[in-house]
There are 2 protein chains.
Amino acid sequence: MPEKKNSSNIGSVTKALNLVDLVMAGPKEGLTLSEIAREMKSSKSATHATLRTLVDHNYLRMSEPGPRYLPGMALIRLGDLASARDPIASLSRSIMNELSKKTGLTVRIARNYDGYPVFIERIDGPGVVRFFTPLGIRELPHVSSAGKAILAELSDERIREIVEESGLEARTPKSITTLPKLMADIRKIRVRGYAVDDEEDAQGVVCIGAAFYDHFGQCAGGISATGLKSELPTEEIAKLGIKILKHAEAITKKLGGKVKVRG
Amino acid sequence: MPEKKNSSNIGSVTKALNLVDLVMAGPKEGLTLSEIAREMKSSKSATHATLRTLVDHNYLRMSEPGPRYLPGMALIRLGDLASARDPIASLSRSIMNELSKKTGLTVRIARNYDGYPVFIERIDGPGVVRFFTPLGIRELPHVSSAGKAILAELSDERIREIVEESGLEARTPKSITTLPKLMADIRKIRVRGYAVDDEEDAQGVVCIGAAFYDHFGQCAGGISATGLKSELPTEEIAKLGIKILKHAEAITKKLGGKVKVRG
DNA sequence: GAACGCTGTTCGGCAATACCGAACGGAACC
DNA sequence: GGTTCCGTTCGGTATTGCCGAACAGCGTTC
């Protein structure tokens, strides 16, 4: 996804990075040079040069027998390093582990990117169910508990701005799709301290999240726990909310922030 | 690290990718444009264009107040996706989790890259100790248990080749530094099925690993568990070795490979 | 077996384009 | 105010990455 079409970017670099995305979105067996060249609307020779450069840097690699291009190990290296360098991700890991172990749920944390959640770390629960939850993407705030927990920390005006920017897409019949309903939910979140996503993003999936704060007192992001609706009856949710709030406060402390007092 | 200096690569792309590495290796606060331009031996304007391109694609981002460049969220996105797309990493995760939970140790898996280990996934133990173990890097095979477990699956000739290529660097006084000693250890590994690294990579750190196989019967990689020497007395190691061997066999089965029978 | 289609790869020539240096605008510091 | 960093912008130059054609290696098909 070409996030912004700013001009005066370096063309060959843009092309190379788009090419990485193309391979990442491609099939498991990989893509051939010709397929990539076609998709990129570029000549085979030019594409070949770009591919070789990416392979030399291990961003891509060739599949073993067939000459197909696959994601390379540099991506894993950079992802791991970026995660280790991120103070929020690295400081939160032990707390996430603890929460996941206690609850048996999938735990994630999101950074606050101008009001939008970007999940940067995930710890899968022990169960067989695995949730498809990509990291490193700016997501819609109204369909995840971490996103709503972050929203609740913004001014009402900023929330309105974000809604106008991105809309309120319905992912399920239970998704919040109007501003008044969203604001009502936000108000609830502000008093009790945690947010609930009750099948608003995916059918049968519930998640509960709370915000944490940096040393400026700003909302740095949110932590959430995700599970199946069948595992999480309504009466459990309140108890779990308190538990997650406590863990969010632990992250706040690690970040050197002040824990918010709730009225 | 410019892995290979192959000519006829696209210069601007090479420059951009080296620039990413530079920022990744830089300080936590990030690097300024001028610092980067100096380091890259390039003009500020050219460096600026490259940086803008990388920022637009979220490979890099600007630090909040100061104009400094930091790793961007695309790296986390790509790393997570690459890991999810890797059949070995994704199929092994539940088994790694189980092993880590049972033993309380840090569990890692490495891919077999032409005889060299490349760790692609890590699950930290619950303890406070965290090991510095980067992923996605081709490592020396003789100083890790997973590396030695992979070596043991190669022909003696190939082992000799690898040793000539990369040498036997001493990381600690206990590191194996001569070919005869390495071969003696390899023979032990071949009979008992698991490899032991007894403070050969880092003082006070022990790890135990075993190989797993793909559907061609080839060694696809190795799994290992790492802990402090103080937590792992010698009499525990044999028991743990068997346990890890069992988990390696479970991975083999998931990959559709045949479990090796040991004489 | 030879022709065909498809791969991936290499090479020369042209033109686009990424480089450089200089100049500008802003912030911080003395 | 002066000075010295910073980041940013702009045009001219020539470097360089693009294209198309030609070649080589497989599989299939006739």
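In the text below, chain A, chain B and the rest are named by the order of the sequence lines, each starting its count at 1. Keep in mind that the numbers below use all heavy atoms, side chains included, and drop hydrogens, waters and symmetry copies.
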### Task
May I ask you to check whether S83(B) and E121(B) show a side-chain donor-acceptor distance below 3.5 Å?
yes

### Task
For Y213(B) and E249(B), test the side chains for any donor-to-acceptor distance below 3.5 angstrom and give the result as yes or no.
no

### Message
Could you check whether atom CD of E157(A) has more than 12 heavy atoms from other residues, nucleotides or ligands sitting under 6.0 Å from it?
### Response
no

Rounded to the Å, how far apart are [X] [atom1] and [N] [atom2]?
{"X": "N9(A)", "N": "dC19(C)", "atom1": "CG", "atom2": "P", "answer": "12 Å"}
{"X": "M62(A)", "N": "dT7(C)", "atom1": "CE", "atom2": "P", "answer": "14 Å"}
{"X": "I10(A)", "N": "dA16(C)", "atom1": "CD1", "atom2": "P", "answer": "18 Å"}
{"X": "R68(A)", "N": "dG8(C)", "atom1": "CZ", "atom2": "C1'", "answer": "13 Å"}

### Summary
S155(A) and R190(A) have their tightest heavy-atom pair at C-NH2, 4.4 Å

### Query
Has the side chain of T53(A) got a donor or acceptor atom that lies under 3.5 Å from a matching backbone atom of A49(A)?
yes

### Task
Could you tell me whether the phosphate oxygens of dA18(C), OP1 or OP2, come under 4.0 Å of any side-chain nitrogen or oxygen in R52(B)?
no

### Task
Check whether any side-chain nitrogen or oxygen of H48(A) sits under 4.0 Å from OP1 or OP2 of dT9(C), and answer yes or no.
yes

### Query
Among all residues two or more places apart in sequence or in another chain, which pass the salt bridge (charged side-chain N to carboxylate O under 4.0 Å, His left out) test with R122(A)?
D124(A), D80(B)

### Query
Any side-chain hydrogen bond (donor to acceptor under 3.5 Å, both in side chains) pairs touching residues 142-152 of chain A, not counting sequence neighbours?
K148(A)-D185(A), K148(A)-E200(A)

### Counterpart residues, side-chain contact (heavy atoms from CB on, under 4.5 Å), relative to E139(A) (two or more places apart)
P117(A), F119(A), I137(A)

### Message
Looking at E39(B) and K41(B), is any side-chain nitrogen of the basic one under 4.0 Å from a carboxylate oxygen of the acidic one?
### Response
no

## Note on the structure
Heavy-atom nearest nucleotide on DNA chain C taken for S12(B) and for Y69(A); more 5' hit belongs to Y69(A)

### Close approaches to DNA chain D from residues 22-31 of chain A, in residue order (heavy atom, under 4.0 Å)
none

### Query
For nucleotides 20-30 of chain C, read 5' to 3', which letter fits each nucleotide if B means a protein heavy atom sits under 4.0 Å from the base, S means only the sugar-phosphate is that close, and - means neither?
BB---------

### Query
First contact, last contact: which nucleotides of DNA chain D are these for chain B, 5' to 3', heavy-atom distance under 4.0 Å?
dC6(D) to dC18(D)

